[in-house]
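When a ligand or atom number is given, it counts from 1 through the structure's own listing order.
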Amino acid sequence: MMDFYQAQEQLLQEAPCHLNSEATPLLQAGQRFLAQDLYATQDAPLFDNSAMDGYALCGLNETTWQIIGVAAAGGTEILRLHPGQAARIFTGAGLPENTEAVVAQEDTETTDTKLHVTTHIKAGQHIRRRGEELRKGARILPSGSLLTPQAIGLAASQGHAQLPCFPLLKVTVFATGDELVGTQTQQNLQHNQIFDSNRPMLQAMLAQQGFIHIIDGGILPDDLAATRAALARAAATSDALVISGGASVGDRDFVKPALSELGDITHWKLAIKPGKPFGWGHIGHCQVMLLPGNPVASFVTMKLLGLPALRVWGGSHRIMAMPECHQAKADFTLQPNHQKRREFLRGLLRFGVDGPTVKPLPQQGSHMLSSCTEANVLIDVPAQTDIIPGQWLTIYPL
Ligand code: AMP
Ligand code: MG
């Protein structure tokens, strides 16, 4: 059985599904991946301007200055100062010609049009210089960047109306199991039936990502021929398939055999709890991910392995595709813990005087989704390791 971090590394080595790019309007590019390096079209700032609300001064050895006008952000008037002259100026306004320094409003006193400065003035103070942040032609975002709100803002500041993005990743999501009933189709469950929770949950997880086009594959019966036909059909039109359930070792688990017949299984089975039956492979050019059927296992593996892999397949930079993680001190004991598998416990992170501490919730069954909604982190407990209070542990925010 493969360790979690080894599986993560292998998954992130898989090649992206697309190399071409499509021009995407700025407001539709959020949470997508940039398909080419993006460059500054102009210096930033574009002109010398004031960093403060205050006064622009000419002649720094004077004791008083004559206020001759106002320089406002967006103002069209061009002022010129001579020694002994000042202009009222606001943050972001272009400097009047011959400005030697800007003095903050709170460091001044005025009587009529006379200005007195109550602090020492340094030449060049409170001035933002043209090009001090970026020079025209500088790379502002590398290919593979996630277009976060701040990246969209930066692109907008450089006048980019469209961004070259990788095409949306077409992902078909299947649930499998004769016991499953879709919430839309039927409200009354018969003997031995349960509602399908994984398909809506996985689709909701994918919907949080801006780079995915979700296709609902429905619920597959526990039947080899039907599974094989559905996977073959979906693989022909999708970049990736996400399939929950049917990937264990039971007689009624048909996803693995169907995948072996249609394509290849790259790897199957991980030394993690929950999530042992996780696997991946491909059918032709279509990537395929097998998730465990138990809802918590499906959630945890999708969060920590599935989404990072989909990000890489969708064009993300590898390092940025990794799940967010932090460290917190254990506020619990696990002793002795001879677990053969790494565990991801659903836990509560708290911030106190001792810094961040973390504690597992009581219900850890891999069928108990309620603990996933109560928890705010997953706690990474390495295999065969005793945990003592105060020990630093890796945590993954939910
Ligand atoms: P399987 O991996 O198909 O053997 O399923 C393992 C467990 O997860 C069984 O108890 C299934 O009933 C349950 N399960 C599988 N798929 C789903 C689903 N989509 N929603 C809720 N429970 C599921
Ligand atoms: Mg099943």
Is [X] touching ligand 1 with its side chain, its backbone, both, or neither, if touching means heavy atoms under 4.0 Å apart?
| X | result |
| --- | --- |
| P295 | side chain |
| H367 | neither |
| I194 | side chain |

Quick check on contacts: which atoms of ligand 1 are under 4.0 angstrom from a heavy atom of [X]?
| X | result |
| --- | --- |
| A175 | 19 (N) |
| E179 | 11 (C), 12 (O) |
| D253 | 3 (O), 4 (O) |
| D196 | 18 (C), 19 (N), 20 (N) |
| F195 | 20 (N), 21 (C) |

Please determine if D331 and R350 form a salt bridge, counting it only when a charged side-chain N lies under 4.0 Å from a carboxylate O.
-> no
Donor-acceptor pair between Q85 and R80 side chains, under 3.5 angstrom | no
Between the side chains of T394 and Q327, does any donor sit under 3.5 Å from an acceptor?
-> yes
If only atom types and distance count, is the side chain of W268 paired as donor or acceptor with the main-chain N or O of G281 below 3.5 Å?
-> no
For W313, check ring-ring contact (aromatic ring centres under 6.0 Å, His included) against everything at least two apart and list the hits.
-> none
Protein residue, atom and distance nearest to [atom], heavy-atom basis:
| atom | result |
| --- | --- |
| atom 10 (O) of ligand 1 | N294 OD1, 4.2 Å |
| atom 17 (C) of ligand 1 | N198 ND2, 3.4 Å |
| atom 3 (O) of ligand 1 | G246 N, 2.8 Å |

Would one find an N or O of S197, backbone or side chain, under 3.5 Å from an N or O of ligand 1?
-> yes
Looking only at distances, please establish whether an N/O atom of ligand 1 is found under 3.5 Å from an N/O atom of G245.
-> no
Of D196, N294, N198, which is the lone residue that meets side-chain hydrogen bond (donor to acceptor under 3.5 Å, both in side chains) with S244?
-> N198
Close aromatic pair by centroid cut-off 6.0 Å: F166 and F33 | no
Give the single entry among S366, P200, G250, G293 that approaches atom 16 (N) of ligand 1 most closely by any heavy atom.
-> G293
Mind checking the NE2-CE spacing from H317 to M322? Nearest 0.5 Å is all I need.
-> 13.0 Å
Hey, quick one: are L231 and I265 part of the same hydrophobic cluster, counting side-chain heavy atoms closer than 4.5 Å, chains of contacts allowed?
-> yes
